[in-house]
Structures are given as structure tokens and as C-alpha cells.
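Accompanying notes for the structure given below.
Counting from 1, the numbers follow the sequence of the chain as shown.
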Amino acid sequence: MFDLFSAAASTGRRTVRRRIAAAAATAGLVAMGTLTGAGTAVADDATEHHGGAVATLDGLKTFDYAKIKGVKDPLPAGLFEMSVEGGGHLKTYCIDIHNPTQDKAKYLETPWAQTSLGSNDDAGKILWILQNSYPQVDDLSALAEKAGAKRLTAETAAAGTQVAIWRFSDGVDVKAKNKQAEKLADWLEESAQNLQEPKTSLTLEPNAVSGKAGSRLGPVTVQTNASEVSVAGPADSAATGVKVTDKDGNALTTAANGSELYFDVPEGAADGSAELTVQATTSVPVGRAFASASKSQTQILAGSSETTVTAKASANWATEGAIPSVTAEKNCVKGGVDVTASNEGDSPFTFELAGEKHTVGAGESKTVTVPVAEDQAYDFTITGPNGFSERFQGVLDCETQGTPAPETPEDEETPSSEPSPATAGGSSAGTDGGSGGGEDLAATGGSSATPMIAGIAVVLVVAGGAAMFILRRKKAVSGE
């Protein structure tokens, strides 16, 4: 494998080994049909998303250029923009330099632990850069003075900030093409301090509960940076009598950070389920990660308007038997998805996952980690009594790409698979005279099916190797 930067060589080798091992573990899941057949085949609302902003990528808007050591052509570096569902806009930087974006990809606000930031000791330094550079610091004259630069435009400030972030997010040897932007990047890199991950804009924990009819099911705890959130109970509450209350049974229409919500299910209610929704308008905290619902490069928040954020939770109840609730979240340490099943009934709950049966006793809970290869799409459903069904979909994206393609000779054109954060239709919105003005950037890095094709190829290689090994052992034993 071509070694773009020697400092990351050992990391790259470890990444490859981890991906091959994960692919081997996933081979059985693919064969059993528990994973999706295409990289973009994911649900609009992934059940494991516990809340926050949901946004669509609008493209790279304010940028200049940067140069990776060992790669011939420069690549655009700067600020992306996203439109939030329900209202609002976000500005973000890329934290996976060698992974392309997908045009109009959907992004979910995500904890650091479920992205490459979770295992990055320098993640807090990226947050410091975001808080101390453009666009959080929009006085470009003052920013230039701190960095020892002569002059910064919006485009060069965005490029310098992105370059500094890449040095910590990807460990890549990258420099800004503009000398003043490079001064800013160097100053940010040298000055950065490790800070703590910012709090969520809005989540509900847990986002699924269960219990017997005639009781209050919960609590579901609100976590938010908003001063107040609205609470909407089940749409059919008039017919079912199910209400959202506090622990004392008082009906709730608003809540705040730390509030505990309950589903109040009346005695004699028919076995069933319900959902509550909380919503707020707030600025999403700078430094929150945004992971795509398809295979598109992970982003980190640089700025937010007043934005609509939403979270949902569900409840399942019955009068007897197993009464399950199931939640899921990505586990980047173990390389898979943690599925936690709880049973508040009076008999065991048995379910099948990844070709194996699991049983959760009455009043117990159990977590099963489903191994998923890096960049692999997954799709599985857990069913239970009384029509219970929960579907979980997404893409495991826990690592940066690590190593790009080899350097292209001077007399050849760089292929379209060149690593780049560019998106289809992205153009500079800057008016400060930076070199990014008005350019239309074509998407690069291959189609959205590329990660799936690569994943299948690795799985086939692993499976083929295993088959050859078994055949050889069989021949040796039989004396052939």
C-alpha cells in the first residue's frame, strides 16, 4: 500500500487489519441477509438515532485550496452548509479527508463515540479550533493578527481552519495553498488545547421503554441545551387513554433538561404501543459531530442558526407475557452495533439476531453486539409478541480512510477517484476575493455504491480463503 505520510503508516496498517477482521465477522451476516445490499439503502429515521438535528448537505460553499503531501492536485478546503429538517442552517467542516461526500446526503447529529472522534485523542483540539477560528470568530482582521497573517478573507480563513482540523482528524500532512491561510492553520495547530465534547442539542434516554398496562412506563429523560422543549403525546391518546406525564401522573406539554417523562397507560388498556415526540428551537452546540445516513464523509459543526431539533421515544405494553423494548447504537470500539433488549413482562422474551437466538428473562435486559464491517450498511429487524417489531438501519463509519491513492505523475491527469471533500454543485459563496469564488465542484471519489462493492469484495476474499483452508484440511485428513 502506498505510504502517503510515514507518521500514519502503522495506523494505516492497523486500520486495514481491523477492516479485514470486521469483514470476516460480517460474512455470515451478509449471507443471512441481515445487512443491506446497497450503501445508501437506509431508513429515513434510523431507530438508533436518539434525537437532535437532522440535516441535508447543501455542498461546499466557502473555500480555498489545500495540498496533501504526495498528491499532485490541490483539493478544496472550507465550509460546508446544511439545511435542517424543520428549519435552520448549519455550517460544518470535514473530518474525513479521503472520503467523498454524497450529493444531498442526509446527516444526523451524533455523539463523538459513534464516529472516528471517539478514538481520537486530539478530538478536543478540533473543538478548540472551531471555537477560536472562522466562522465563530468573524473579525478576520483580528484573527489574521493573532495568526501572524497579513490578511484573511472568508475563503482563506475557512481553508486555513479546515487544514488545521484535518491535521488532527486524519493525521495527514496537508498545507493550505494560500500562504496567509497556511499561517492561520499553523497557529491553530500550535495553539489548540483539548476540550470536552459539547452536550447534545436534544436527546431522549432511553428512547424505548416497556411495561404492564395500568402503570407509568419510564422514565425517559430529556437531555437538551434548549431552555424548554415541547412535548407531544400519542396521536391516538383520546382513544387509548395513554398520556405523557411526570412521575406523579401530571400531564406534560413542556419539559426541560433533566425532565423525566412517563407513558401513563390506563388499567385494562389493550396490548399496544405508543410514541411521544419532543421538539425545540435552539442553536446546535459547536463541535457536535454529524454522521451521514449513507456513506458520506463525517462532518463537525462550526456554526448553527436557530434550528429545529427533535427526539422521539416509544413504549410497548401488555397485560401478561413477555413485554420487550429494544434500542440500538453504534459501537465503534467493538466494530458493530449494540442492540439492547429489555423485558418488563412476566415471561422470557426470545428473539433472533444475526442468525442466533437470544433470550431475555422477565425483568432483565441483555446487550448483543452485531459485528459490522467498517463502511458497511446494515439492516436488521427484531420481532416479538403482539406484533412487536423494531428495525435498525445505518452505515458503520467509525474510522477515517487513512491512506489515499498514490501520487499521480506530472504528465498524467489525476483520476476522478482522487480523495476530496467536494460535493456535486458546491460553489463558493465568498465575496472577499478569495480563489473559491463561483466555482462549481463535481463530486469525486466514486459512486455511493463503492463502499458496498469494496465490502463485498473483502467478504468474498475472506470467505474464499476460508473455503480453501477447509478443503486443504479435508484432503490432508483423508490422505488425498
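Between the T224 side chain and the A226 main chain, a donor and an acceptor come within less than 3.5 Å of each other. The backbone N or O of V172 sits nowhere less than 3.5 Å from a side-chain atom of R167 that would complete a donor-acceptor pair. In this structure, T308 contributes its side chain and G86 its backbone to a donor-acceptor pair below 3.5 Å. Looking only at distances, no side-chain donor or acceptor of Q376 sits under 3.5 Å from a matching main-chain atom of L396. In terms of modelled atom types and a separation under 3.5 Å, the side chain of N194 and the main chain of G124 share a donor-acceptor contact. In this structure a side-chain-to-backbone donor-acceptor pair under 3.5 Å is missing from N331 to V337. For the pair Q162 (side chain) and L79 (backbone), a donor-acceptor distance under 3.5 Å is absent. In this structure, the side chain of S305 does not engage the main chain of G88 through any donor-acceptor pair within 3.5 Å. Judged purely by atom type and a 3.5 angstrom limit, D170 uses its side chain to pair as donor or acceptor with the backbone of I97. Side-chain atoms of S296 come within 3.5 Å of backbone atoms of Q102 as a donor-acceptor pair (strictly under, hydrogens ignored).
Looking at every heavy atom in both residues, P206 comes nearest to A313 through O-CB, 4.4 Å. Shown here for S292 and Y107, the closest heavy-atom pair between the two residues is N-CD2, 3.6 Å. Summarising the geometry of L184 relative to A157, their closest heavy-atom pair is CD2-O, 3.5 Å, with the distance given to 0.1 Å. For the pair G287 and P198, the tightest heavy-atom approach, listed with the atom from each and the gap, is C-CG, 3.6 Å. The two atoms that bring N132 and L188 nearest to each other are O-CD2, 4.2 Å, heavy atoms only. Shortest non-hydrogen contact noted between A302 and V286 is O-CG2, 3.8 Å.
Here the CD atom belonging to E399 is positioned 12.0 Å from the CG atom belonging to N99, to the nearest 0.5 angstrom. Taking CZ from F290 and OG1 from T92, the interatomic distance works out to 8.5 Å, rounded to the nearest 0.5 Å. The structure places OG1 of T369 at 3.5 Å from CG of D338, a figure rounded to the nearest 0.5 Å. Atom OG of S304 sits about 9.0 Å away from atom CD of E109, to the nearest 0.5 Å. The line from CD of E155 to CG of D64 is 7.5 Å long, rounded to the nearest 0.5 Å. Note that CD1 of I382 is 5.5 Å distant from CZ of F392, once rounded to the nearest 0.5 Å.
Checked against V137 for a side-chain contact (heavy atoms from CB on, under 4.5 Å), the options L130, T161, L143 give a single hit: L143.
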Given side chain to side chain contact (heavy atoms under 4.5 Å, CB included), test F80 with L57 step by step and report yes or no.
CA-CA 8 Å; F80 291 84; L57 188 69; 3.9 Å; yes
Could you give me the CA-CA distance, side-chain angles and deciding distance for E81 and H89, then say whether side chain to side chain contact (heavy atoms under 4.5 Å, CB included) is met?
CA-CA 7 Å; E81 292 185 12; H89 297 278; 5.8 Å; no
Given side chain to side chain contact (heavy atoms under 4.5 Å, CB included), test V220 with V209 step by step and report yes or no.
CA-CA 8 Å; V220 174; V209 294; 3.9 Å; yes
Let's go through T153 and R151 carefully: what are the C-alpha distance in whole Å and the side-chain angles of both, what is the deciding distance for side chain to side chain contact (heavy atoms under 4.5 Å, CB included) to 0.1 Å, and is it a yes or a no?
CA-CA 7 Å; T153 64; R151 178 176 178 267; 3.4 Å; yes
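Taking the side chain to side chain contact (heavy atoms under 4.5 Å, CB included) definition, one finds that A66 meets it with L75, A77, V163, W166, V174, sequence neighbours left out. Here K125 pairs with D122 under the salt bridge (Lys or Arg N to Asp or Glu O under 4.0 Å) rule; sequence neighbours left out. Considering only residues two or more places apart in sequence or on other chains, T340 meets the side-chain hydrogen bond (donor to acceptor under 3.5 Å, both in side chains) condition with T367. Legend: residues meeting side chain to side chain contact (heavy atoms under 4.5 Å, CB included) with T298, ordered by chain and number and at least two apart, are I95, T115, D397. Not counting sequence neighbours, the partners of T56 by the side chain to side chain contact (heavy atoms under 4.5 Å, CB included) test are K104. In this structure F351 satisfies the ring pair (Phe, Tyr, Trp, His ring centres under 6.0 Å) test together with F349, H358, sequence neighbours excluded.
With 3.5 Å as the limit, one finds a donor-acceptor pair spanning the side chains of T310 and Q279. In summary, the side chains of D96 and T400 do not present any donor paired with an acceptor at a separation below 3.5 Å, with no hydrogens or angles considered. With no hydrogens or angles considered, a side-chain donor-acceptor pair links E205 and H50 at under 3.5 Å. Side-chain atoms of Q299 and Q297 include a donor-acceptor pair closer than 3.5 Å. S283 and E306 share a donor-acceptor pair across their side chains, judged by distance under 3.5 Å alone. For the residue pair S169 / Y93, no side-chain donor-acceptor distance below 3.5 Å is found, with atom types taken as modelled.
A salt bridge does not link K177 to E182: none of the charged nitrogens lies less than 4.0 Å from a carboxylate oxygen. A salt bridge is defined here as a Lys NZ or Arg NE, NH1 or NH2 lying under 4.0 Å from an Asp or Glu carboxylate O, and E352 with K357 fails to meet this definition. A salt bridge is absent between K67 and D173: the closest approach of a Lys/Arg side-chain nitrogen to an acidic carboxylate oxygen does not fall below 4.0 angstrom.
Residues F168 and I129 meet the side-chain proximity criterion, which asks for heavy atoms closer than 4.5 Å. L202 places none of its side-chain heavy atoms less than 4.5 Å from the side chain of T282. In this structure the side chain of S210 never reaches within 4.5 angstrom of the side chain of P324, judged on heavy atoms. Put simply, the side chain of M82 does not reach to within 4.5 Å of the side chain of K91, judged on heavy atoms. Within the 4.5 Å cutoff, the side chain of K199 has no heavy atoms near those of the N225 side chain. C398 is listed as a side-chain neighbour of E374, based on a closest heavy-atom distance under 4.5 Å. With a 4.5 Å cut-off on side-chain heavy atoms, Y378 and V395 do not count as touching. At least one side-chain heavy atom of L276 sits under 4.5 Å from a side-chain heavy atom of V278.
In this structure, K175 places its NZ atom where only 12 or fewer heavy-atom neighbours from other residues, nucleotides or ligands lie under 6.0 Å away. Environment of CG in D139: crowded, with over 12 heavy atoms of neighbouring residues, nucleotides or ligands closer than 6.0 Å.
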